[in-house]
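Here is the naming used below: chain letters follow the sequence lines, and residue numbers restart at 1 for every chain.
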Protein chains: 2
Amino acid sequence: MSNKRDEIIATTCRLMEMQGYHATGLNQILEESGAPKGSLYYYFPEGKEALAIEAIEHTSRLIAANLRAGMAAHDHPADAITDFLQTLAHYVQTSGFQAGGPITAIALEAASTNEALNAACRDAYQDWQAIVEAKLNEGGYTAVRARRLASLVIAVIEGAIILSRTQRNVAPLLDAATEIGVLLRC
Amino acid sequence: MSNKRDEIIATTCRLMEMQGYHATGLNQILEESGAPKGSLYYYFPEGKEALAIEAIEHTSRLIAANLRAGMAAHDHPADAITDFLQTLAHYVQTSGFQAGGPITAIALEAASTNEALNAACRDAYQDWQAIVEAKLNEGGYTAVRARRLASLVIAVIEGAIILSRTQRNVAPLLDAATEIGVLLRC
DNA sequence: CGGCGATTATAACGACTGGTCTAGTAATTG
DNA sequence: CAATTACTAGACCAGTCGTTATAATCGCCG
């Protein structure tokens with residue numbers, strides 16, 4: 001696996017996280033990654049869409065690893081999830097509200113217009129949700145409620161990121177952290 | 001106020017709700033609204049961005065009206081918000097998972113790259129949040145908690161829409177409805 | 001009916017898009 | 001060292017983008 005190829009993927013992740021799929025052109029990816037145009041098509045002969053899918057998969061693995069670590073950091077799911085949200089809030093703030101929700105924009109852009117991208121996003125969300133659900137199951141919630149709560153947690157993460165980035169304020173993420181904690185101990 | 005102008009705005013709302021700002025080209029808006037190209041610039045001389053801002057403002061007013069009606073439909077905020085989410089779930093499903101979150105994609109695309117669009121989205125979210133917050137205040141929640149919960153509710157709505165549309169399944173919205181109800185009665 | 005403002009129709013523009021192609025250079029291997 | 005494979009660089013392409021310009025047509029009103 002080459003460095004240039006990784007660089008292209010990483011830059012694609014970053015740009016599509018910030019502005020989505022259609023607003024990210026290949027020339028911008030090339031410029032910001034320093035990769036030559038010939039290399040882009042050498043490594044990604046299927047083109048832009050295939051590159052985006054690789055970027056989604058790459059970022060999905062990173063987030064899954066973060067989620068697993070976050071879930072393992074505390075015994076009680078409430079503490080784990082609250083802490084995860086607080087860490088995320090810090091990350092979003094540190095990025096100047098430019099990062100957060102790595103696939104959110106793509107997921108919406110592609111939900112009904114691009115099957116391949118939609119499938120990649122769907123898989124990512126399902127992987128992440130499964131990690132949270134496993135933690136809730138471990139924490140003693142019934143299977144039915146664990147599934148429902150896991151879905152809600154992912155929704156809250158995505159929604160709170162959108163609000164924080166739009167309002168350029170970390171409060172929505174912190175509010176979400178607090179209230180999810182209340183719900184999970186209810 | 002002319003019909004053609006309204007038609008253009010309505011089409012813009014629909015297309016940008018489905019796929020976002022950058023994926024929506026003026027030619028598609030023209031084609032689907034049946035408006036002549038000359039008219040587009042006649043009515044919106046400042047161009048695409050100004051049109052999008054009008055669309056955001058237009059849709060924000062509609063959602064605000066829906067939210068007010070939803071909040072007024074029940075005495076207890078828990079019932080009002082739960083019911084609102086269930087109605088929304090039905091709407092998203094009926095659209096074949098193509099609609100929902102009228103400004104979500106734009107909000108993310110523009111969060112750090114387009115100040116005017118970002119401001120329009122920020123105003124919309126704040127208007128909606130204020131409506132939910134007022135209902136919570138009425139319902140006897142402390143001012144601090146009402147504010148926090150209102151933020152969470154908007155986040156949950158946005159997040160659950162993303163998941164439902166990505167997964168083409170109404171469950172995330174229904175799960176959110178159930179668990180928000182639990183939280184608000186906790 | 002004519003004048004005037006509102007609206008339409010359409011060609012053209014420059015910039016940018018994703019993608020193709022090809023020759024050249026770099027790296028690896030026997 | 002030569003052959004082969006990996007990678008680069010840049011020109012080129014057709015198409016699309018948002019916008020401008022301008023003349024023509026439409027609708028309203030006195």
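No more than 12 heavy atoms of other residues, nucleotides or ligands lie within 6.0 Å of CG in B:D75, so this atom counts as exposed by the packing criterion.
Here the nucleotide nearest the side chain of B:K48, chosen from C:dA6, D:dT19, D:dC7, is D:dT19. Nearest to the side chain of B:Y43, among C:dT8, C:dG19, D:dT8, sits C:dT8. Ranking C:dG18, D:dT20, C:dT8 by closeness to the B:Y41 side chain, first place goes to D:dT20. Candidate nucleotides D:dT8, C:dT7, C:dA9 were compared by shortest atom distance to the side chain of B:P36, and C:dA9 ranks first. When distances are taken from the side chain of A:Y42 to each of C:dG18, D:dA6, C:dT8, the shortest belongs to D:dA6.
Nearest heavy-atom pair, A:Q98 versus A:M18, reported as atom, atom and distance to 0.1 Å: OE1-SD, 3.1 Å.
At a threshold of 4.0 Å, the pair A:D79-A:R185 counts as salt-bridged, since one of the basic side-chain nitrogens sits closer than that to a carboxylate oxygen.
Distance B:K37 NZ to D:dT19 P: 10 Å, rounded to the nearest Å. Atoms CZ (B:R5) and C1' (C:dA6) sit 14 Å apart, rounded to a whole Å. The separation between A:L51 atom CG and C:dG18 atom P is 10 Å, rounded to whole Å. Distance CG (A:N3) to C1' (C:dA27): 15 Å, rounded to an integer number of Å. When the P atom of C:dT7 is taken as reference, atom CG of B:D6 falls 12 Å away, rounded to whole Å.
In this structure, the separation between OG1 on B:T104 and CZ on B:R165 is 7.5 Å, given to the nearest 0.5 Å. Note that CD1 of A:I162 and CG of B:L108 are 5.0 Å apart. Values are rounded to the nearest 0.5 Å.
OP1 or OP2 of C:dT8 sits under 4.0 Å from a side-chain N or O of B:K4.
Contact annotation: the side chain of A:V156 never approaches that of A:I81 to less than 4.5 Å [non-hydrogen atoms, C-beta and beyond].
In this structure, a donor-acceptor pair under 3.5 Å is absent between the side chains of A:E7 and A:S33.
For the segment residues 11-35 of chain A, the set of residues with a heavy atom within less than 4.0 Å of an atom of DNA chain C comprises A:T24, A:G25, A:L26, A:N27, in numerical order.
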